[in-house]
Amino acid sequence: MNLKGKKLPRSFYLRPTLEIAADLLGKTIVYCRKDGIVAADIVEAEAYIGEDDPACHAAVGPTERNRVMYGKGGHSYLYFIYGMYNCFNIVTEKAGFPAAILIRGVEPVYGEEIMAANSPDGTKLLTNGPGKFCRAFGLTCEQNGIDLTGNEIYLLDRGIRPSQIVTTPRIGIKKATDKLWRFYDAASKYASRR
DNA sequence: TGTTGGATCAACT
DNA sequence: GTTGATCCAACAC
């Protein structure tokens, strides 16, 4: 494997969320599990920004669920949805301002056998969707609130440049569909939709 | 190719 | 009691 790269520092996560969302494409997410390491390159992400964004979980104000979004950027935000899936987000911006970026699609680079073991038999694309990505990585609410500048979950800059960044409305929501806050690499088959 | 509904449950109204 | 930042199988064209 080649997992060499520069770990993204706290300062990366304290910038404007839309800037970070675009920058996340091509970055590598690494999760050190008890049974091994899984890693994948981000190819799709969506921004959810502040209490004024009606689609953001923080639109209703602080609750127990969205608590970590109000914390400092550079932490994980995981939540359980539709009774069966988890979604992984990266908290951004300074403490007190609730914002996060949903990781919707990644390209596996290491630990494919662990991802396959976590996924239903026969699944080909294991990580082209937020629910599938979390299932393949084995991410659940137990990983909520983890500091991404630590050693369990972190992001790596391996110098990868996404070939074709496209901006679209966010997926699966009914509010604020006018905002083009979804970013993905159109050249990747691991983007959830085109 | 497109639309529909079931699975399954925590958070919120 | 209702809904949702999902996914997939089963249909209708």
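Residue numbering restarts at 1 for every chain, and letters A, B, ... go by the order of the sequence lines.
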Ignoring backbone atoms, test whether [X] places a side-chain nitrogen or oxygen under 4.0 Å from the OP1 or OP2 oxygen of [N].
{"X": "A:Lys174", "N": "C:dG4", "result": "yes"}
{"X": "A:Arg104", "N": "C:dT6", "result": "yes"}
{"X": "A:Lys132", "N": "C:dC8", "result": "yes"}

* **Secondary structure string for DNA chain B (Watson-Crick or G-U under 3.5 angstrom, | for other-strand pairs)** => |||||||.||||.
* Report yes or no: is the cationic atom of A:Arg182 (NZ for Lys, CZ for Arg) closer than 6.0 Å to the six-membered ring centre of A:Tyr184, at no more than 45° off its axis? =>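 Yes, A:Arg182 and A:Tyr184 form such a contact.
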* To do: Taking the six-membered ring of A:Tyr48 (Phe, Tyr or Trp), confirm whether the NZ or CZ of A:Arg170 is under 6.0 Å from its centre and within 45° of its axis.
  =>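 Because its charged atom sits under 6.0 Å from the ring centre and within 45° of the axis, A:Arg170 does stack over A:Tyr48.
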NZ/NE/NH1/NH2 to OD/OE distance under 4.0 Å, [X] and [Y]:
{"X": "A:Asp147", "Y": "A:Arg10", "result": "yes"}
{"X": "A:Asp185", "Y": "A:Arg161", "result": "no"}
{"X": "A:Asp53", "Y": "A:Lys179", "result": "no"}

* Quick one: how far along DNA chain B does chain A reach, first to last nucleotide 5' to 3', anything under 4.0 Å to a heavy atom? -> B:dA7 to B:dT13
* **Whichever of A:Leu125 and A:Tyr48 has its nearest DNA chain C nucleotide further upstream toward 5'** =>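 Comparing both residues, the 5'-ward one is A:Tyr48.
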* Is the aromatic ring centre of A:Tyr82 closer than 5.5 Å to the centre of the six-membered base ring of C:dT6, with the two planes inclined by less than 30°? ->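 Stack criterion met.
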* Asked: Expressed as a whole number of Å, how far does the P atom of C:dC8 sit from that of B:dA10?
  -> 22 Å
* Applying side-chain hydrogen bond (donor to acceptor under 3.5 Å, both in side chains), which residue pairs with at least one partner in residues 72-90 of chain A are found, sequence neighbours left out? -> A:His57-A:Tyr77
* To do: For A:Asp52, look at atom CG and say whether over 12 heavy atoms of other residues, nucleotides or ligands are found less than 6.0 Å away.
  =>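 For A:Asp52, atom CG is not crowded (no more than 12 foreign heavy atoms under 6.0 Å).
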* Within the structure shown, what part of the strands sits under 4.0 Å from A:Thr63 by heavy-atom distance: base, sugar-phosphate, or nothing? -> sugar-phosphate
* For A:Gly131, answer base if it contacts any base atom (sugar-phosphate contacts may also be present), sugar-phosphate if it contacts only those atoms, and nothing otherwise; contact means non-hydrogen atoms under 4.0 Å. => sugar-phosphate
Just the rounded figure in Å: distance from [atom2] of [N] to [atom1] of [X].
{"X": "A:His57", "N": "C:dG4", "atom1": "NE2", "atom2": "C1'", "value": "8 Å"}
{"X": "A:Asn89", "N": "C:dT6", "atom1": "CG", "atom2": "P", "value": "11 Å"}
{"X": "A:Ile81", "N": "C:dG4", "atom1": "CD1", "atom2": "P", "value": "9 Å"}
{"X": "A:Lys124", "N": "C:dC8", "atom1": "NZ", "atom2": "C1'", "value": "15 Å"}

* side chain to side chain donor-acceptor pair (under 3.5 Å) partner of A:Ser188, chosen from A:Glu107, A:Glu44, A:Gln164 ->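 Answer to the side chain to side chain donor-acceptor pair (under 3.5 Å) test with A:Ser188 among A:Glu107, A:Glu44, A:Gln164: A:Glu107.
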* A:Phe137 side chain reached by A:Asn118 side chain, heavy atoms, under 4.5 Å -> no
